[in-house]
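Step one of this worksheet: look at the structure below.
In each ligand, atom 1 is the first atom listed, and ligand 1 is the first ligand listed.
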Amino acid sequence: MKRILVTGGLGFIGSHTVVELQNEGFEVVIVDDLSNTTLKVLESITEITGTRPTFHQIDLRIKNDVKTLFKTLKVDGIIHFSAFKAVGESIQNPLDYYENNIGSLVYILQEMRDRNLDNFIFSSSCTVYGQADELPITENAPVKKAESTYGNTKQIGEEIIQETCKAHQLNAIALRYFNPIGAHESVKIGELPIGVPQNLIPFVTQTAAGIRKELSVFGDDYPTIDGTAVRDYIHVVDLAKAHIAALKRLINKTNKQNFEFFNVGSGKGSSVLEVIKAFEKASGQPLNYKIVGRREGDITSAYANTTKANKELNWKTEKSLDEGLASAWKWQQRQ
Ligand code: UD1
């Protein structure tokens with residue numbers, strides 16, 4: 001049985017990936033500092049899969065703790081989710097973002113180098129493309145100057161990994177996520193935003209649940225189908241499965257280069273108003289919203305060309321936007 005270390009394994013995407021890993025017969029070791037999640041998620045993973053993953057509460061910014069972890073740990077691969085992810089906060093606190101998102105990455109890669117560990121999967125983001133010149137976005141689209149510190153940590157992270165792969169024979173894959181939504185069908189795990197949600201879908205579900213008065217739609221004067229911004233919403237379970245596909249590619253040594261990157265999206269663009277309509281249908285109730293001005297830093301449109309991931313990873317999405325929204329709504333109601 002292959003043993004996989006999952007950092008940030010109790011987070012939104014991490015927890016769904018741990019479930020898929022266990023379903024596929026991998027043994028999972030989770031590291032999480034519980035800064036943005038709770039131990040209840042570990043119980044939920046155990047309930048869903050019938051197997052309790054090993055868990056260590058560790059702050060990966062503390063180099064000595066990372067060293068101690070790896071002293072006794074033999075793993076066949078690492079999926080590194082743990083990072084801060086709030087765009088606005090990252091602009092206000094750049095140093096905290098660099099310390100956490102870059103520092104912990106470097107410490108883990110150093111341990112991999114020193115202990116001859118291989119097979120590293122990195123959570124990257126479509127934010128590296130900025131507003132791409134051509135849609136849908138392929139992996140050939142150039143990386144553009146980051147609009148936020150958060151975005152920059154993803155770009156720098158990819159560069160650090162690429163250089164490490166070259167110097168030390170490490171094999172790694174960066175997955176550039178589009179917009180993950182939804183929850184596991186068991187409704188035992190899902191997204192747990194702390195405070196006022198910044199992302200669209202949690203704000204939508206909290207508005208429908210009466211926690212928020214109304215949703216503000218940021219801008220209706222974009223050059224899109226209905227004036228609202230277009231994004232590629234991917235079901236988190238589909239996204240989780242992309243990690244398994246990428247991991248198998250590395251473990252089976254079918255990767256073509258030491259460092260590879262893939263877009264992971266649904267391949268379909270949806271406007272904010274289209275999402276609202278689809279949500280109203282999925283939930284069976286009207287959503288209270290108003291149009292306001294654009295949000296600073298937002299781009300017009302982003303959706304993925306997923307051909308590379310489809311072919312090379314032998315992976316494709318199985319769930320629709322409607323399923324993603326319906327599961328997000330069920331999850332909200334369960335809270
Ligand atoms: C955002 C981040 C991106 C990050 C991703 C992680 C920004 C500028 N980008 O992407 O770097 O990788 O989250 O999930 O923050 N919207 C509303 N009202 C709301 C919230 C959102 O109209 O209350 C709109 C936004 O303008 C956007 C769309 O919904 O057009 C999606 O927004 P969001 O969920 O925040 O994701 P992104 O902005 O695409």
Side-chain angles (χ1 to χ4, degrees), residues 8 11-14 16 36 81 83-92 97 101 122-132 135 137 143-155 157-158 174-182 190-193 195-208 211-236 239 263-266 268-279 287-304 321 324-325 328:
F12 175 40
I13 308 171
H16 288 82
N36 199 19
F81 289 106
F84 291 153
K85 60 174 184 180
V87 174
E89 183 185 73
S90 79
I91 296 167
Q92 277 148 20
Y97 270 67
N101 294 11
F122 179 63
S123 296
S124 189
S125 168
C126 67
T127 192
V128 302
Y129 298 117
Q131 178 57 68
L135 294 167
I137 303 170
V143 167
K144 291 200 173 162
K145 185 170 165 35
E147 292 262 354
S148 71
T149 302
Y150 161 78
N152 210 25
T153 66
K154 294 302 172 188
Q155 295 191 8
E158 284 196 14
L175 297 179
R176 293 175 173 172
Y177 311 153
F178 283 68
N179 294 49
I181 64 163
E191 198 168 0
L192 285 167
V196 182
Q198 305 299 311
N199 294 117
L200 178 62
I201 306 308
F203 206 104
V204 164
T205 59
Q206 289 196 7
T207 305
I211 300 167
R212 311 279 158 210
K213 207 171 117 262
E214 67 186 351
L215 168 76
S216 294
V217 174
F218 298 139
D220 68 347
D221 57 350
Y222 286 104
T224 61
I225 176 173
D226 54 24
T228 63
V230 168
R231 296 289 185 274
D232 180 332
Y233 298 93
I234 175 170
H235 197 299
V236 65
L239 177 56
N263 289 344
V264 189
S266 72
K268 195 174 159 284
S270 304
S271 74
V272 177
L273 289 178
E274 285 174 332
V275 168
I276 292 172
K277 277 192 205 103
F279 178 80
L287 188 79
N288 199 15
Y289 71 90
K290 66 161 187 244
I291 310 284
V292 301
R294 292 183 179 191
R295 178 171 70 179
E296 204 189 324
D298 269 354
I299 54 165
T300 302
S301 289
Y303 51 96
L321 173 67
L325 294 171

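- Because its NZ or CZ atom is both nearer than 6.0 Å to the ring centre of F122 and within 45° of the ring axis, K154 counts as a cation-pi partner of that residue.
- At a 4.0 Å cut-off, not a single heavy atom of Y289 sits close enough to ligand 1 to count as contact.
- At a heavy-atom cutoff of 4.0 Å, ligand 1 is contacted by the side chain of Y233 but not by its backbone.
- At a 3.5 angstrom cut-off on N or O pairs, G297 does not count as close to ligand 1.
- On a distance-only criterion, V217 and ligand 1 share no N/O pair closer than 3.5 Å.
- Considering R212, E214, Q198 only, the shortest heavy-atom separation from atom 20 (C) of ligand 1 involves Q198.
- S216 counts as a contact of ligand 1, since one of its heavy atoms falls under 4.0 Å from the ligand.
- Residue contacts with ligand 1 for Y150 involve side-chain atoms from C-beta outward but no N, CA, C or O (heavy atoms, distance under 4.0 Å).
- The parts of N199 lying near ligand 1 are both backbone and side chain, judged by heavy-atom distances below 4.0 Å.
- Under a 4.0 Å criterion applied to the non-hydrogen atoms of N179, ligand 1 contributes the atoms 36 (O), 37 (P), 39 (O).
- Between the side chain of Q131 and the main chain of S301, a donor-acceptor pair closer than 3.5 Å is present.
- Considering each of L215, I181, L200, the one bringing a non-hydrogen atom nearest atom 23 (O) of ligand 1 is L215.
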